[in-house]
Amino acid sequence: MTTAAKGPASYFPSIEKKYGRPITEWKDLIRASPLTKHMELVNWLKTEHGLGHGHANALVAHTLAERSSE
């Protein structure tokens, strides 16, 4: 039995399907951005890449959480 993803990761399948890019590519874009604040990154993904707010927020939250645990 597979455990369903929780939190921001639960959005990943729909993000990949809707925008046609793998999650690793979105995370690489976020990491490469000179922006560092959560909402700056969310707004950047929305305006520059056309993501919806929830999808952008999930990607940024998950990526920044990984960064802070390094």
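Judged as a salt bridge (Lys or Arg N to Asp or Glu O under 4.0 Å), and not counting sequence neighbours, the contacts of Glu25 are Arg21.
Side-chain atoms of Ser10 come within 3.5 Å of backbone N or O of Gly7 as a donor-acceptor pair.
Side chains of Ser33 and Leu41 form a contact here, defined as non-hydrogen atoms less than 4.5 Å apart. A heavy-atom distance below 4.5 Å is found between the side chains of His55 and Tyr19. The closest side-chain heavy-atom distance from Thr24 to Lys27 is not below 4.5 Å. For the pair His38 and Asn57, the minimum side-chain heavy-atom distance is below 4.5 Å.
Taking CD1 of Ile30 as the start and CG of Leu45 as the end, the distance is 5.0 Å to the nearest 0.5 Å.
The minimum heavy-atom distance between Thr63 and Leu59, with the atom names listed, is OG1-O, 2.7 Å. Scanning all heavy atoms of the two residues, the minimum distance from Ala58 to Pro8 falls at O-CB, 3.4 Å.
For residues 42-52, the set of pairs meeting the side chain to side chain donor-acceptor pair (under 3.5 Å) definition, not counting sequence neighbours, comprises Lys46-His53.
Side chain to side chain, Tyr11 and His62 fail the donor-acceptor criterion of an N or O pair below 3.5 Å.
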